[in-house]
Amino acid sequence: MARYNPKETEPKWRAAWEKAQTFRAPADPGGKPKWYVLEMFPYPSGKLHMGHVRNYAMGDVVARYKKAKGFNVLHPMGWDAFGMPAENAAIEGGSHPKTATYAQIANMREQLKTLGLSIDWSREFATCDPEYYGQQQAWFLALLKAGLVYRKEAEVNWDPVDMTVLANEQVIDGRGWRSGALVEKKKLTQWFLRITKYSDDLIEGLKGLDRWPDKVRLMQENWIGKSRGLKMKFHFAGERKGSVEVYTTRPDTLFGASFLAIAADHPLALDVAKSDPGAAAFIKGVKQGGVSAADIEAGEKLGYDTGLMVAHPFEAGKTLPVWIANFVLMDYGTGAIFGCPGHDQRDHDFASKYKLPILPVVLPPGADPAEFSVAGEPYVGPGKIYNSAFLDGLEVEAAKAEAIARIETQADGEGATVFRLRDWGVSRQRYWGCPIPVVHCAKCGVVPEDKLPVVLPDDVTFDKPGNPLLRHPTWRHTTCPNCGGKAERETDTLDTFVDSSWYFARFTNPDAAVPIDKAAADYWLPVDNYIGGVEHAVLHLLYARFVTRALKDEGFLSVAEPFAGLFTQGMVTHEAYKNRNGEWIEPADVERRGDVVVDKEFGQPVVVVGVEKMSKSKKNVVAPEDIFDAYGVDSARLFVMSDSPPERDVQWSTGGVEGAWRFTHRIWGEYENGVPRGGEGDDPKAVELRKHTHRLIKAIGDSIEQFRFNTGIARLYEFLGTLKGAPAAGASPALLAARHEALSALARLIAPYTPHLAEECWIKVGGQGFVADAPWPEYSESLAAEDERILPVQINGKRRAELKLPAGMSEAEVEKIALSDEGVLRHLEGQTVRKVIVVKDRIVNIVAN
RNA sequence: GCGGGCGUGGCGGAAUUGGUAGACGCAACGGACUUAAAAUCCGUCGGGAGGAAACUCCCAUGCCGGUUCGAGUCCGGCCGCCCGCACCA
């Protein structure tokens, strides 16, 4: 018997689908409901890895299923093609980012196509296509006009050797990751998107995203970080005029205030430093005090007493010293706080160090005011306010409201909402990104470019550090669209997160002459299933939500939320191995012999270091091409979906993919000799098989709807066992008919997972056209329903017997049967039945003693 | 430190959401086929005790306690691991 040969069948079907344009998503709805499936588009690294296989296989399962269920499915693919890897490669002597990127796209497109995905390739684009980023420039200018884009001076991590701005994660121990140079804090005028305008709305919108993981919603909520409190002024006591504004979420503890602290870059601190060398030195010290998170964590609280005093707003005559403190952040709240050491850990640390008063004003429930002390540690829990004049006796929350009201009547401040979220800095001093389409004119200032796209020049060099656009002989020199005079182009390019913040909308009509074809977007958006890695839980997904809102407000599209359903899938991991010299070795070079893992070549035992994300550095990478070659694409797809729940990591193993491979062959074995249609007749075995078939149809559909692919696949494996128990050889006509029904359904049920094999099977059952175009099988409720139940009988909570009963039997009847069952009676000997609990179709529990 | 999640056989994981714990797969072991091996097929597979056997009983979902007729699932307290944020006032 000829074995199923995926190497022959798989390419054949891919070519057939392509020729028939099976996965083209028609723009015209034609009465079908739409379904938009999108996986996060890849950076074109040039090499497909197992993580991609899992991500795209997952989306493909849903897309193929929804298509079979009668939806008009959009399932597009593109390339997140701008960004630093290509530019860094060019700097290191590689080829030009453009040629390299398009070459890598070509490679990766071929590899992705090998996966047999149901993608509408006619919609493909790359973010580095001028047709795409030109439209991005168009809406960028619309946002600029609307005031959602602005420039301001901001501090950046500047690498003085590479002459570039670094992201925080590129700064390692205060040094540039590439050059190793000490990173400087530098002020540059940068472009910002006003995401903070939508802070509240972005939090509110999360509530409606009921098909998002709670975890991601929570992460976004925390990231935006809304807090309610009080902004208030402390007036200077003494000669100095004016006031310092602070923000607090604990106005109830105002009577416990013992100092004010301001950030080192607070205007007041800078003013003091002008005439106070000590303050100037302190500020300088704070600024140099490390950039990395670890530095900040280890950092001790330090302060400098400015000598200034402010008046307490409620206690006449009481004054508080104003300190400059290293732990106060300028860009949160007002950059100034009042310190209440009794009820805040940081203030307590600070006050202890500088011997400032520590006053308790919140009394924990049940504590004795005469005994209670906060000298050792602050108390941050709930309680009643005391030592606080008019606030005495109030609970914390009530006291907050009362304090805010008082401050408001004194006209010293007002209740305020503050967000942690900052505006989005999108300037990158880099070449390989979308040019910011403005010119700088000496006469007219910043002027939007009127001829789009502003195209990146190709003739640039990477032999010197810094932004090649700055060095280009002609590119930046242009004329002002406004006055026609000499002007210079902006040389900053956009953060690549901008590119990925709207691509899902562009897919709805990638050829539109405007950024977004509104009719197409209105039809397709929002994305119904968005699938990708959880590492994008905050940044990408928050930016995309923001840009969608901004584009909606500017009339480009109609939805506020781009992604109705989100699924974050786990990684593909693999065991990592080290030989006895401590060197990493590749999975291909090791072999399992009994209980030990050995080096194939030398036979020496190797150490299994653990199961980790596939990475080059640990050499625990399995190349998808090798797997496709050995087992076929279908087996690889099936395995990455089968072993673990999709949101969790899956561990790649040779044994696992071999199991999937065996399964495909066993399936084929049921079809290869033909599937006779059978005939009429009575056969209990036929009825039994039909029941299993209809139950399976229901189960597989449910498992895909719920993203529980692993349990669905388990049911498919199980069903194969059922088929083997009802072989075709010697079967009655009725059983043959039931087998035909089963195998016809099965071909369609496996199609989302193993689409190539399914097409072969579909032929064998006499299916019309592609199984990829075939409707999902229907199940009959009555056949899928269990008509017989096995009820366990517990006695005092321990399972003692089983009853096989028809489903739906009444509680009283079940009780009667249970109490007369031989096995049950044996266990009840010498005991009195006190109570019988019958849960319909589920369980019987007899309480006896 | 704050917020969230998880802990089930040798391993990945199931468990109708409070109702037969261990589906399905991997590994392992036994058997069939074969001159032999691979492949394939069939079977066993949480631990313990009893029995020739069908089977019966006890223990078991990180640990301790609670609620309940009944707890892997709910509640409280520990222990361990993972993720996010991190001086956010």
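Below, read A as the first sequence line, B as the second, and so on, with proteins coming before strands; counting in each chain starts at 1.
When the shell of 6.0 Å around CD of A/Glu788 is examined, it contains more than 12 heavy atoms from other residues, nucleotides or ligands. Counting heavy atoms of neighbouring residues, nucleotides and ligands inside a 6.0 Å radius, atom NZ of A/Lys233 does not exceed 12 of them. Taking a 6.0 Å sphere around CD of A/Glu414, one finds it holds 12 or fewer heavy atoms contributed by other residues, nucleotides or ligands. A/Lys816 NZ: 12 or fewer foreign heavy atoms inside a 6.0 Å radius.
Ion pairing between a basic and an acidic side chain is recognised when a charged N comes within 4.0 Å of a carboxylate O; A/Lys698 and A/Glu781 show no such pairing. We find that A/Asp331 and A/Arg422 are joined by a salt bridge, their nearest charged nitrogen and carboxylate oxygen being less than 4.0 Å apart. Comment: A/Arg715 engages A/Glu718 in a salt bridge, judged by a side-chain N to carboxylate O separation of less than 4.0 angstrom. One finds a salt bridge joining A/Asp787 and A/Lys691 here, because a Lys/Arg side-chain nitrogen approaches an Asp/Glu carboxylate oxygen to under 4.0 Å. Of the charged side-chain nitrogens involved, none lies within less than 4.0 Å of a carboxylate oxygen, so that A/Glu221 and A/Lys226 do not count as a salt-bridged pair.
A gap of 12 Å separates the P atoms of B/C45 and B/G22, to the nearest Å. The gap from the C1' atom of B/G18 to that of B/G66 amounts to 16 Å, rounded to the nearest Å. Comparing the C1' positions of B/C26 and B/U44 gives an interatomic distance of 16 Å, to the nearest angstrom. Remark: the separation of the P atoms in B/G19 and B/C57 is 23 Å, to the nearest Å. Nucleotides B/A28 and B/A39 are separated by 10 Å at their P atoms, to the nearest Å. Only the P atoms considered, B/A86 is 23 Å distant from B/C81, to the nearest whole Å. Separating the C1' atom of B/C63 from that of B/G10 is a span of 23 Å, rounded to the nearest Å. One P atom belongs to B/A27, the other to B/C78, and the distance between them is 42 Å to the nearest Å.
Nearest to the side-chain atoms of A/Arg420 among the listed nucleotides B/C85, B/G13, B/G19 stands B/C85. Of the candidates B/C42, B/C24, B/A89, the closest approach to any side-chain atom of A/Ser227 belongs to B/A89. Set against B/C58, B/G13, B/G19, the side chain of A/Arg800 has B/C58 as its closest nucleotide. The A/Thr711 side chain lies nearest to B/A15 when the options are B/G12, B/C26, B/A15. Of the candidates B/A14, B/U16, B/U40, B/A14 carries the atom nearest the A/Pro645 side chain, counting heavy atoms from C-beta on. Comparing B/U16, B/G3, B/C24 against the side chain of A/Asn222 picks out B/G3 as the nearest. The side chain of A/Arg662 has B/C41 as its nearest neighbour among B/C41, B/G12, B/A89. Nearest to the side chain of A/Lys835, among B/C69, B/A89, B/U56, sits B/C69. Of the candidates B/A89, B/C42, B/C69, the closest approach to any side-chain atom of A/Val847 belongs to B/C69. Among B/A21, B/G25, B/C42, the nucleotide with an atom closest to any side-chain atom of A/Gln794 is B/A21.
The residue A/Glu802 sits close to a base: some heavy atom pair falls under 4.0 Å. A/Thr248 comes within 4.0 angstrom of sugar-phosphate atoms only, judged by non-hydrogen atoms across all strands, and of no base. Among the protein residues, A/Arg648 comes within range of the sugar-phosphate backbone only, with heavy atoms under 4.0 Å from sugar or phosphate atoms but none that close to a base. The residue A/Ile837 sits close to a base: some heavy atom pair falls under 4.0 Å. Contact annotation for A/Val418: no contact, since no heavy-atom pair falls under 4.0 Å across all strands. Among the atoms of the strands shown, none is found under 4.0 Å from any heavy atom of A/Asp344. Among the protein residues, A/Gly333 comes within range of no part of the nucleic acid, since none of its heavy atoms lies under 4.0 Å from any strand. Among the protein residues, A/Leu716 comes within range of no part of the nucleic acid, since none of its heavy atoms lies under 4.0 Å from any strand.
Atoms CG (A/Asp214) and P (B/C6) sit 11 Å apart, rounded to a whole Å. Atom NE2 in A/His574 sits roughly 16 Å away from atom P in B/C26 (whole-Å rounding). Summarising the geometry, the separation between CD on A/Glu658 and P on B/C11 is reported as 21 Å, rounded to the nearest angstrom. A/Asp347 places its CG atom 15 Å from the C1' atom of B/G1, with the value rounded to the nearest Å. Distance CD (A/Gln345) to P (B/G1): 11 Å, rounded to an integer number of Å. Following rounding to the nearest Å, A/Arg799 (CZ) and B/U56 (C1') show an atom-to-atom distance of 12 Å. For the pair A/Arg708 CZ and B/U17 P, the computed distance is 11 Å after rounding to whole Å. Separating the CD atom of A/Gln651 from the C1' atom of B/G12 is a distance of 7 Å, rounded to the nearest angstrom.
Taking only side-chain nitrogens and oxygens, A/Tyr332 comes nearer than 4.0 Å to OP1 or OP2 of B/A89. Between A/Arg666 and the phosphate of B/C41, there is a side-chain N or O to OP1/OP2 separation shorter than 4.0 Å. Side-chain nitrogen and oxygen atoms of A/His827 include at least one within less than 4.0 Å of the OP1 or OP2 phosphate oxygen of B/C57. For A/Asn710 and B/C24, the shortest distance from a side-chain N or O to OP1 or OP2 is not below 4.0 Å. Look at A/Lys798 and you'll find a side-chain N or O under 4.0 angstrom from OP1 or OP2 of B/C59.
Across all strands shown, B/A28 forms a Watson-Crick or G-U wobble pair, both distances under 3.5 Å, with B/U44. Shown here, B/U35 forms no base pair; nothing in the strands shown gives a Watson-Crick or G-U wobble contact with both key distances under 3.5 Å. A 3.5 Å limit on both hydrogen-bonding distances identifies no Watson-Crick or G-U partner for B/A15. B/G1: Watson-Crick or G-U partner is B/C85, with both key distances under 3.5 Å.
Between the base of B/C83 and the side chain of A/Lys215 there is no donor-acceptor pair shorter than 3.5 Å.
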